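Below: the structure, in structure tokens.
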Amino acid sequence: MKALEGVRVLDMTHVQSGPSCTQLLAWLGADVVKLEAPTGDITRQQLRDLPGVDSLYFTMLNCNKRSITLNMKSERGKEIFTELVRSADILVENFGPGAVDRMGFTWERLQELNPRLVYASIKGFGTGRYAKFKAYEVIAQAMGGSMSTTGFEEGPPLATGAQIGDSGTGIHAVAGILAALYQRQRSGRGQRVQVAMQHAVLNLCRVKLRDQQRLAHGPLREYPNRMFGDEVPRSGNASGGGQPGWAVRCAPGGPNDYIYVIVQPVGWKPLSSVIGRPELADDPEWATPEARLPKLDKMFQLIEEWTIRHDKWTVLDRLNAENIPCGPILSTKELVADESLREEGIVVTVDHPERGAFVTVGSPLQLSDSPVEVVTPPLLGEHNQEVYGELGVSADELARLKANGVI
């Protein structure tokens, strides 16, 4: 058995934040039924690389699901939706604020239909002044603290490549949904789960709020910045944590020929030996973390004078042999080809009936008794007959529903 086997999820999500949440639930074994308008999730058509075929944007966020179509503006569509709600354990949506209410399905109405329903909503913002604003990935990063603290000291605020606003929120939603399911075992009741993108990004930036409060007691010595105001500054690639780190250049000097090195107190002696400066291990000007802290830029310059003569894989092996924490900057091309990630099932190839094979990310949640096999995402409405048949809709009525634009 899979961990969530027997759990039915009615997936009313689109784009990224919601689908990333429901895909994880599907990987955990839930039966995720993706409910789409007859025109389909908009990402089926966005950023297409092949004409007339579902985009990678869609396929990489909707594996292991079933797809049905339904026109929620029709009366028969609302009747069918009512039956779908009654048969579901979880309903997930990420429409604009109030959209599901305007369809006639408020939380109170959903509770009447199915008191055990866990109803999860992903929104851009909470219920305060931003509630009705539109949110996108980078807007969430901007308003959640990420952009103001990402980038170099003299440069503009930057967005992260990681989708912490969308997929990061989806993962937060999974946690809330699973907690609600667990509580339902004891209470017998479902409940509302609400997650906002701004809130999720802020949660991921909590160490920067830590440092905002530390500023009241003076400059942040772990940061390489020369000047401090009353806000946490952008500090480039500095870790900002208890152990200083930086990305240093490696040979041959390409855009991703870097390795990130962390200098622990116990690592200074072996590191100084590796870089060919063993005398620094006992030099009072360098021997202790306190001595090195005021000149972190010079310390990483010394390290880079050695790393720039070697490729990042050689540096990785040399430093790991001395138990020095480090990691090469891996490009997307390198990640797709990484044999270790392939063996671990985190980079997988999936066969799609129309586009052929494509590469995607496998489940980062790995349970010993609930292994994940990533299977192709559904074609639009592929499971209409199957799912609606489970509700007792006959083949003749399905044909009429399709002809009338209900599905």
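Predicted model only: the values in this text are computed from it and were never measured. Positions are given from 1 along the sequence.
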Item to check | Within 45° cone and under 6.0 Å: R249 NZ/CZ vs Y258 ring | outcome: no

Checklist entry - Checking side chain to side chain contact (heavy atoms under 4.5 Å, CB included) for the pair V118/L181: CA distance, chi angles, key distance, verdict? => result CA-CA 7 Å; V118 173; L181 274 183; 4.2 Å; yes

Item to check | A135 versus G124, closest heavy-atom pair with distance | outcome: CB-CA, 3.4 Å

Next on the checklist: Within the structure provided, determine whether Y119 and V193 are in side-chain contact (heavy-atom separation under 4.5 Å).
Outcome noted: no

Checklist entry - Is there a side-chain contact between R318 and W306 (heavy atoms, below 4.5 Å)? => result yes

Item to check | More than 12 heavy atoms of other groups within 6.0 Å of D317 CG | outcome: yes

Checklist entry - In terms of side-chain heavy atoms, does N94 have a donor or acceptor partner in S17 at a distance below 3.5 Å? => result yes

Checklist entry - Can any side-chain N or O of E322 pair as donor or acceptor with the backbone N or O of I324 at less than 3.5 Å? => result no

Item to check | Step-by-step side chain to side chain contact (heavy atoms under 4.5 Å, CB included) determination, L302 to K298 | outcome: CA-CA 6 Å; L302 290 171; K298 177 62 175 176; 4.2 Å; yes

Checklist entry - Are D49 and L56 close enough that some pair of their side-chain heavy atoms sits under 4.5 Å apart? => result yes

Checklist entry - Hey, are the side chains of L319 and L271 touching, using non-hydrogen atoms and a 4.5 Å cut-off? => result yes

Checklist entry - Does atom CD of E279 have more than 12 heavy-atom neighbours, drawn from other residues, nucleotides or ligands, at distances under 6.0 Å? => result yes

Checklist entry - Is there a donor-acceptor pair closer than 3.5 Å between any side-chain N or O of H383 and the backbone N or O of E386? => result no

Item to check | Non-hydrogen atoms of V263 and Q243 that approach each other most closely | outcome: O-OE1, 3.8 Å

Next on the checklist: Using side-chain heavy atoms (C-beta onward) and a distance below 4.5 Å, is I259 in contact with I329?
Outcome noted: no

Checklist entry - Hey, mind stepping through V92 and V9 against side chain to side chain contact (heavy atoms under 4.5 Å, CB included) and telling me if it holds? => result CA-CA 7 Å; V92 189; V9 179; 4.1 Å; yes

Checklist entry - Between W27 and N64, does any side-chain donor sit less than 3.5 Å from a side-chain acceptor? => result yes

Item to check | side chain to side chain contact (heavy atoms under 4.5 Å, CB included) assessment of V248 paired with Y260 | outcome: CA-CA 6 Å; V248 292; Y260 198 88; over 6 Å; no

Next on the checklist: Within the supplied structure, the quantity of interest is the number of heavy atoms (other residues, nucleotides, ligands) at a distance under 6.0 Å from I42 CD1; does it exceed 12?
Outcome noted: no

Item to check | Modelled atom types, side-chain donor and acceptor of E231 and Q212, under 3.5 Å | outcome: no

Checklist entry - Is N203 reaching over with its side chain to a backbone N or O of H199, donor-acceptor style, under 3.5 angstrom? => result no

Item to check | Interatomic spacing from CZ in R44 to CZ in F58 - rounded to 0.5 Å | outcome: 3.5 Å

Next on the checklist: Could you check whether T22 and K65, counting side-chain N and O atoms only, form a donor-acceptor pair closer than 3.5 Å?
Outcome noted: yes

Checklist entry - Taking the inter-plane angle between the rings of F133 and F125 on a 0 to 90° scale, is it parallel (under 30°), tilted (30 to 60°) or perpendicular (over 60°)? => result perpendicular

Checklist entry - Just how far is it from atom CD of Q191 to atom CD of Q111, taken to the nearest 0.5 Å? => result 10.0 Å

Item to check | Derivation and outcome, side-chain hydrogen bond (donor to acceptor under 3.5 Å, both in side chains), residues E344 and S340 | outcome: CA-CA 6 Å; E344 295 162 15; S340 178; 2.8 Å; yes

Item to check | Pairwise side-chain contact, D283 with L280, heavy-atom cut-off 4.5 Å (strictly under) | outcome: yes

Item to check | Approximate separation, where rounding is to 0.5 Å, of C250 SG and W313 CH2 | outcome: 11.0 Å

Checklist entry - Is the count of non-hydrogen atoms from other residues, nucleotides or ligands lying under 6.0 Å from Q385 atom CD greater than 12? => result no

Next on the checklist: Set out, in order, the CA-CA distance, both residues' side-chain angles and the distance that settles salt bridge (charged side-chain N to carboxylate O under 4.0 Å, His left out) for D282 and K269, then state yes or no.
Outcome noted: CA-CA 8 Å; D282 299 314; K269 182 175 182 178; 5.7 Å; no

Item to check | Euclidean distance, M60 CE relative to Q16 CD, rounded to 0.5 Å | outcome: 10.0 Å

Item to check | salt bridge (charged side-chain N to carboxylate O under 4.0 Å, His left out) assessment of D101 paired with R109 | outcome: CA-CA 9 Å; D101 290 8; R109 175 60 176 149; over 6 Å; no

Checklist entry - Rounded to the nearest 0.5 Å, how far does CZ of F105 lie from CD of E112? => result 11.0 Å

Checklist outcome for this item: For L293 and E222, the nearest pair of non-hydrogen atoms, with its separation, is CD1-CA, 4.2 Å

Checklist entry - Is the side chain of E334 donor-acceptor paired with the backbone N or O of S331 at a distance under 3.5 Å, no angle test? => result yes

Checklist entry - Is it the case that K295 places NZ or CZ above or below the six-membered ring of W286, under 6.0 angstrom from the centre and within 45 degrees of the axis? => result yes

Checklist entry - With no hydrogens and no angle check, do the side chains of S55 and Q45 hold a donor and an acceptor under 3.5 Å apart? => result no

Checklist entry - Quick check: does any side chain N or O of Q213 sit under 3.5 Å from a backbone N or O of L209, one acting as donor and the other as acceptor? => result yes

Checklist entry - Crowded around Y130 OH? As in, over 12 foreign heavy atoms under 6.0 Å? => result no

Checklist entry - Do the side-chain N and O atoms of D166 and Y136 include a donor-acceptor pair separated by under 3.5 angstrom? => result no

Checklist entry - Quick one: do K2 and D369 make a salt bridge, cutoff under 4.0 Å? => result no

Next on the checklist: With a 3.5 Å distance limit and no angle check, can you tell me whether T314 reaches the backbone of H310 through a side-chain donor-acceptor pair?
Outcome noted: no

Item to check | Atom CD of E373: over 12 foreign heavy atoms under 6.0 Å | outcome: no

Checklist entry - So, for R8 and R66, which heavy atoms are closest and what is the spacing to 0.1 Å? => result NH2-NH2, 3.4 Å

Checklist entry - Side-chain donor-acceptor pair under 3.5 Å between R192 and S121, yes or no? => result yes

Checklist entry - If you take all heavy atoms of N62 and P19, which pair is closest and at what distance? => result OD1-CB, 3.8 Å

Next on the checklist: Between S67 and E36, is there a side-chain donor-acceptor contact under 3.5 Å, judged purely by atom types and distance?
Outcome noted: yes

Next on the checklist: Does either side chain, that of S74 or that of N71, offer a donor lying less than 3.5 Å from an acceptor on the other one?
Outcome noted: no

Checklist entry - Closest heavy-atom contact between D54 and P378? => result OD2-O, 4.1 Å

Next on the checklist: For the CZ atom on R86, are there more than 12 heavy atoms of other groups (residues, nucleotides or ligands in this structure) within a distance under 6.0 Å?
Outcome noted: yes

Next on the checklist: Between N114 (side chain only) and V85 (backbone N and O only), is there a donor and an acceptor less than 3.5 Å apart?
Outcome noted: yes

Next on the checklist: I'd like to know if the side chain of T69 reaches the main chain of A37, judged simply by a donor and an acceptor atom lying under 3.5 Å from each other, with no hydrogens or angles considered.
Outcome noted: no

Checklist entry - T288 side chain to A291 main-chain N or O, any donor-acceptor pair under 3.5 Å? => result yes

Item to check | Contact check, side chains of N320 and C326, non-hydrogen atoms, under 4.5 Å | outcome: yes

Checklist entry - About how many Å separate CG of L202 and CE of M197, when rounded to the nearest 0.5 Å? => result 13.5 Å

Checklist entry - Between L401 and V393, is any pair of side-chain heavy atoms under 4.5 Å apart? => result yes

Checklist entry - Is a side-chain donor or acceptor of N225 paired with a backbone partner of R234 at a separation under 3.5 angstrom? => result yes

